[in-house]
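Heavy atoms only: backbone and side chains are in, while hydrogens, waters and symmetry mates are out. Residues: numbered from 1 along the sequence shown. Quantities reported herein were computed from a predicted structural model and do not represent experimental measurements.
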Amino acid sequence: MKYKTYNCNSFNVHTIKTDKFKTSHVEVIFRDIANKDEMGAYSFLADMLSQSSKTYPRKKDLITRFEELYKIIVYATTLRVGNVLDFHVSLDFINPDYINDKNYVEEVIKTLFDIIENPNVTNDEFDLKTFNIVKERLRREINSLKENPVKQSIKEAIKTMDSNSPTSYEILGTIEELENITPAKLYNAYKSLRKNFKVDVFLIGNLDMDNVASLIKKYFKNRYI
């Protein structure tokens with residue numbers, strides 16, 4: 001395996017070149033200190049970015065695009081590590097050796113950053129229809145945690161020990177916090193993610209890393225340092 005880091009001014013691209021896998025994996029990781037009151041909003045945002053973009057405004061459009069690129073997978077998640085919130089946007093795609101298309105890698109990278117760079121927003125608000133679908137799904141997920149006695153008891157025990165510790169922060173937030181989120185507030189969370197979070201890109205696969213790093217720099221217009 002070969003390791004290399006590319007400095008792209010406002011972010012770094014960290015690469016691991018290996019021929020052990022038939023697929024490649026990219027993770028764009030945004031990091032900031034976890035804020036208890038914002039955890040739910042970023043989990044909501046991760047789900048929203050996984051549903052659509054301005055270019056692909058419906059989930060169906062996004063799935064069609066993924067199919068055109070030989071079933072790539074793009075998804076966003078949040079994770080608390082200590083007192084830090086990690087916001088991941090991940091991509092899995094087939095190594096180009098198996099694809100007879102010289103533009104394949106560029107189209108894959110372009111699609112990933114289209115999802116990050118061009119959210120489905122109009123007049124500083126996320127698309128309402130998609131917003132409501134995601135909100136209802138998150139409501140069910142939060143409520144389902146209450147029905148799991150083991151998870152619920154662990155959560156309550158951690159809160160009792162230290163309710164101010166990041167360990168007690170609920171990654172999905174609470175129902176009350178969820179109800180308080182609006183399409184405009186969610187877009188504010190997106191702007192904060194882009195402006196205030198430190199970001200790095202991680203890439204592993206059997207690829208021309210110099211070329212892929214240049215493509216990432218081309219399509220990732222991260223303007224903040």
Distance from [X] atom [atom1] to [Y] atom [atom2], nearest 0.5 Å?
X      : Y      : atom1 : atom2 : answer
Thr18  : Lys20  : OG1   : NZ    : 5.5 Å
Lys191 : Asn188 : NZ    : CG    : 4.5 Å
Leu215 : Ile109 : CG    : CD1   : 6.5 Å
Leu186 : Asp127 : CG    : CG    : 11.5 Å
Asp101 : Leu69  : CG    : CG    : 8.5 Å
Glu38  : Phe44  : CD    : CZ    : 15.5 Å

More than 12 foreign heavy atoms under 6.0 Å from [atom1] of [X]: is that the case here?
X      : atom1 : answer
Lys71  : NZ    : no
Asn123 : CG    : no
Lys17  : NZ    : yes

Quick one: do Ile115 and Leu62 satisfy side chain to side chain contact (heavy atoms under 4.5 Å, CB included)? Show the steps, please.
-> CA-CA 9 Å; Ile115 291 171; Leu62 206 55; 4.0 Å; yes

side-chain hydrogen bond (donor to acceptor under 3.5 Å, both in side chains) assessment of Thr64 paired with Tyr56 | CA-CA 9 Å; Thr64 299; Tyr56 309 102; over 6 Å; no

Indicate the atoms forming the closest heavy-atom contact of [X] with [Y], along with that distance.
X      : Y      : value
Asn120 : Pro57  : ND2-O, 3.2 Å
Ile175 : Arg139 : CD1-CG, 3.8 Å
Cys8   : Asn12  : N-OD1, 4.1 Å

Whether the [X] and [Y] side chains hold a donor-acceptor pair (N or O, under 3.5 Å, no angle test) is what I'd like checked.
X      : Y      : value
Asp210 : Tyr6   : yes
Ser53  : Asn118 : no
Thr23  : Asp92  : no
Ser52  : Arg58  : no

In the structure I gave you, are the side-chain heavy atoms of [X] and [Y] within less than 4.5 Å of one another anywhere?
X      : Y      : value
Val26  : Val201 : yes
Phe87  : Leu45  : yes
Thr130 : Met48  : yes
Gln51  : Val134 : yes
Ser90  : Val74  : no
Glu141 : Leu172 : yes
Val28  : Phe202 : no
Val212 : Val105 : yes

Whether [X] side chain and [Y] backbone form a donor-acceptor pair below 3.5 Å:
X      : Y      : result
Glu177 : Thr174 : yes
Asp114 : Lys110 : no
Asn95  : Asp97  : no
Tyr190 : Ile116 : yes
Ser50  : Ala46  : yes
Arg194 : Asn196 : no

According to a 4.5 Å side-chain heavy-atom criterion applied to Ile, Leu, Val, Met, Phe, Trp and Tyr, with indirect links allowed, do [X] and [Y] form part of one hydrophobic cluster?
X      : Y      : answer
Leu128 : Tyr187 : yes
Ile204 : Leu112 : no
Phe197 : Ile29  : no
Phe66  : Leu49  : yes
Ile99  : Val108 : yes

Given Tyr42 and Ser192, is the side chain to side chain contact (heavy atoms under 4.5 Å, CB included) satisfied, shown in steps?
-> CA-CA 10 Å; Tyr42 286 113; Ser192 177; 3.2 Å; yes

Test side chain to side chain contact (heavy atoms under 4.5 Å, CB included) on His88 and Phe30 and set out the steps.
-> CA-CA 6 Å; His88 295 229; Phe30 299 85; over 6 Å; no

Partner residues of Phe21 under the ring-ring contact (aromatic ring centres under 6.0 Å, His included) criterion, sequence neighbours left out = none

Establish, yes or no, whether a centroid distance under 6.0 Å links the rings of Phe131 and Phe126.
-> no

Mind checking whether Tyr98 and Tyr70 have ring centres under 6.0 Å apart?
-> no

Please lay out, stage by stage, how Val199 and Arg31 fare under the test side chain to side chain contact (heavy atoms under 4.5 Å, CB included).
-> CA-CA 6 Å; Val199 59; Arg31 288 193 178 98; over 6 Å; no

Could you please spell out the steps behind the salt bridge (charged side-chain N to carboxylate O under 4.0 Å, His left out) verdict for Glu107 and Arg65?
-> CA-CA 10 Å; Glu107 289 300 317; Arg65 179 57 175 165; 2.6 Å; yes

Criterion side chain to side chain contact (heavy atoms under 4.5 Å, CB included) against Leu85, the qualifying member of Thr78, Leu193, Leu79, Asp32 |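 With Leu85 as partner, side chain to side chain contact (heavy atoms under 4.5 Å, CB included) holds for just one option, Thr78.
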
Test log, rule salt bridge (charged side-chain N to carboxylate O under 4.0 Å, His left out), inputs Asp47 and Arg137 | CA-CA 10 Å; Asp47 210 344; Arg137 182 164 59 242; 3.0 Å; yes

Contacts of Lys22 meeting salt bridge (Lys or Arg N to Asp or Glu O under 4.0 Å) (sequence neighbours excluded), chain-then-number -> none

Let me see the working for Glu117 and Lys54 under salt bridge (charged side-chain N to carboxylate O under 4.0 Å, His left out), right down to the final yes or no.
-> CA-CA 9 Å; Glu117 297 275 356; Lys54 200 70 172 177; over 6 Å; no

